[in-house]
Amino acid sequence: MDAQPAGTLDAGGLRRVLVVLCVTEIVSWGVLYYAFPVLAPSIAADTGWSVSMITAGFSTGLVVSALVGIPAGRWLDRIGPRPVMTVGSVLGVPAVVGIALAPNLPSFFAAWALAGVAMAGTLYPPAFAALTRWWGPQRVRALTALTLLAGLASTIFAPTAAALLGQLGWRHTYLALAVVLAVITIPAHLFGLRGRWPDPGHTEHRHSGQQGAAEHAPREVMRSRAFLLLVPAIALGTFAAFAVVVNQVPLLIERGLSTSDAAWALGLGGLGQVLGRLGYGRLTTALSVRMRAVVILALSAAATLLLGLLPGPEVLLIAAAMLAGAARGVFTLLQATAVSDRWGAAHYGLLNGLLSAPSMIATALAPWAGAAIAVALGGYPGVFVLLAATAALAALLATGTVPRHDKPTTVPRDPDSSFTRPPEAAADAGQDGSPPTR
């Protein structure tokens, strides 16, 4: 690792930030997201509220998170992750308590709306912004570690929520989870994310010696053809990926698998997700920015199509599920690096907030959209063919997501990351008349 200049985090500080975020992402995702699918049936049974209305409350939180994520990204750029993520953690506690104690549906929806504000300050986007700015050219290594460990959130909290549910009921389970959220994430964010927040452009300048991507004004980027194509590409890819996760078990049951075997296939898809993320670093060195996005989205489309068309046997269906998981795993890292690979880290928080908002809304729509389409088409295989077409459209849009620049810039290659190649150098040859850099 390059020596850190005065005022930024040293090697120990970088490791501390990474460890803190790994722990808090596991807890935040586990409490605010993955506990809900486990507890929802019990909420419906206890309250008499319909499952669809309960899910709508959860989806409301995701939509609020998408909307609040845009100004939260702007604040991240200006003041750093420590205050944003600490406030998010603080707000998460009364939100979860409100969910637990909600006496009626309006209160339940209001609590989930507050939880959405907390999500905007605690889930992946602010964590990605923190690692992108602080870790600079080695961000892919840090982001890979974060997403690998945070991927354990469902593994840890789904069975934990189920165990607590059996002993305490859903209300007291959420109260217990609120305590976990408060005890772990608030002090971790407050004390673990300390350190000077690098100035905009600081990372690019100290590693490249040139201005490069740091010069791009957010307004200019937001109006660019590349960004306007990147937003729907990522949103469509997100919709397809999450709809596959939610609807995979009923598809496999239609194919003749038992509920237990279908659940195991979904779990093995999680293993594929981990393996996919482990291979992302190789993709960054083997493929250009454009081709990386196209290949990952095309892989997602192919795996989804296989799930939709394969009638069996079980071993091939499980293999297709693992392939879909691998595509989903690398897609998460594609989302995390899409902005910085093209426009640098100077305005990452704001630009990534804008990029993530439609994706979060797509995440909110995916759980019920797949089921609704299945009813319309008369089964789940048609749903997966349609989702494959959605991912293929995202791959097509990704071909136009590399920005064009007037002046080519050449900088030294960094073996750990493509960050030191500015966007114009990382693009395919001919984008701006410059030769390929590798």
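Fair warning: this is a prediction, and the values are worked out from it, not measured in the lab.
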*asked:* Using only atom types and a distance under 3.5 Å, with no angle test, would you say the side chain of T390 pairs donor to acceptor with the backbone of A240?
replied: no
R139 (side chain) donor-acceptor with A129 (main chain) under 3.5 angstrom: no
Q) Could you go step by step and tell me if F108 and I99 meet the side-chain contact (heavy atoms from CB on, under 4.5 Å) rule? A) CA-CA 6 Å; F108 187 75; I99 293 167; 3.8 Å; yes
Output for pair (L165 CG, T160 OG1), nearest 0.5 Å, gives 12.0 Å
dist W112:CH2 -> T55:OG1 (nearest 0.5 Å) comes out at 10.0 Å
Between S107 and N104 the two heavy atoms that sit nearest each other are OG-OD1, 2.8 Å
**Asked** Taking C-beta and beyond as the side chain, do L62 and I361 meet within less than 4.5 Å on heavy atoms?
**Response** no
- Query: Is a donor on one side and an acceptor on the other found under 3.5 Å between the side chain of R133 and the backbone of W197?
  - Reply: no
>> Measuring only between side-chain heavy atoms, which start at C-beta, is I26 closer than 4.5 Å to F157?
In response: yes
Nearest heavy-atom contact between A320 and A303 is O-CB, 4.4 Å
**Message:** Determine whether V140 and L333 satisfy the following criterion, side-chain contact (heavy atoms from CB on, under 4.5 Å), listing intermediate values before the conclusion.
**Reply:** CA-CA 8 Å; V140 170; L333 286 166; over 6 Å; no
State, with a plain yes or no, whether a side-chain heavy atom of N352 is found less than 4.5 Å away from one of S356. yes
In this structure, CG of L309 is separated from OG1 of T304 (nearest 0.5 Å) by 10.5 Å
Using a 4.5 Å cut-off on heavy atoms from C-beta on, say whether the side chain of L334 contacts that of D341. no
Open item on the list: Just so I know, are the side chains of R292 and Y280 near enough to count as touching, which here means a heavy-atom distance under 4.5 Å?
Closed with: yes
Donor-acceptor pair, side chain of R277 and main chain of T144, under 3.5 angstrom:
no
Checking R194 side chain against F191 main chain: does a donor-acceptor pair fall under 3.5 Å?
yes
Practice problem: Could you walk me through whether V93 and I186 pass side-chain contact (heavy atoms from CB on, under 4.5 Å), step by step? | Solution: CA-CA 9 Å; V93 176; I186 294 176; 4.1 Å; yes
For T399 and V294 the tightest heavy-atom approach is CG2-CG2, 3.7 Å
Side chain to side chain contact (heavy atoms under 4.5 Å, CB included) with P381: of L251, L307, L386, only one passes, and it is L251
Here the pair of heavy atoms bringing L350 nearest to D77 is N-OD2, 2.8 Å
**Study point:** Residue pair F331 / T238, side-chain heavy-atom distance below 4.5 Å
**Key:** yes
In short, L397 meets T401 closest at the heavy-atom pair O-CG2, 3.5 Å
Q.
For R328, is there any backbone N or O sitting under 3.5 Å from a side-chain donor or acceptor partner on T332?
A. yes
Note to self: Between W134 and R196 (side chain of the first, backbone of the second, donor and acceptor by atom type, cut-off under 3.5 Å), is there such a pair?
What the structure shows: yes
In this structure, OG1 of T47 is separated from CG of L105 (nearest 0.5 Å) by 7.0 Å
In this structure, CG of L230 is separated from CD of Q335 (nearest 0.5 Å) by 10.0 Å
The reported gap from CG in L114 to OG1 in T60 (rounded to nearest 0.5 angstrom) is 13.0 Å
### Query
Is the backbone N or O of Y380 less than 3.5 Å from a side-chain atom of E254, with the two atoms forming a donor-acceptor pair by type?
yes
* Asked: So do the side chains of L168 and Y174 get within less than 4.5 Å of each other, counting heavy atoms only?
  -> no
- Task: Answer yes or no: is there a donor N or O on one side and an acceptor on the other, between the side chain of E25 and the main chain of Y124, under 3.5 Å?
- Result: yes
Here the pair of heavy atoms bringing P126 nearest to P81 is O-CB, 4.5 Å
* **side-chain contact (heavy atoms from CB on, under 4.5 Å) assessment of L14 paired with Q138** => CA-CA 11 Å; L14 293 178; Q138 297 191 14; over 6 Å; no
Check your understanding: Less than 4.5 Å apart, any side-chain heavy atom of V90 and any of V87?
Key -> no
* Asked: Has the side chain of T285 got a donor or acceptor atom that lies under 3.5 Å from a matching backbone atom of R282?
  -> yes
Q) Once the angle between the rings of Y34 and W29 is folded into 0 to 90°, is it parallel (under 30°), tilted (30 to 60°) or perpendicular (over 60°)? A) tilted
Worksheet entry | Heavy-atom neighbours of R74 CZ exceed 12 at 6.0 Å | no
task = Could you tell me how the ring of F58 sits relative to the ring of F36: parallel (under 30°), tilted (30 to 60°) or perpendicular (over 60°)?
result = parallel
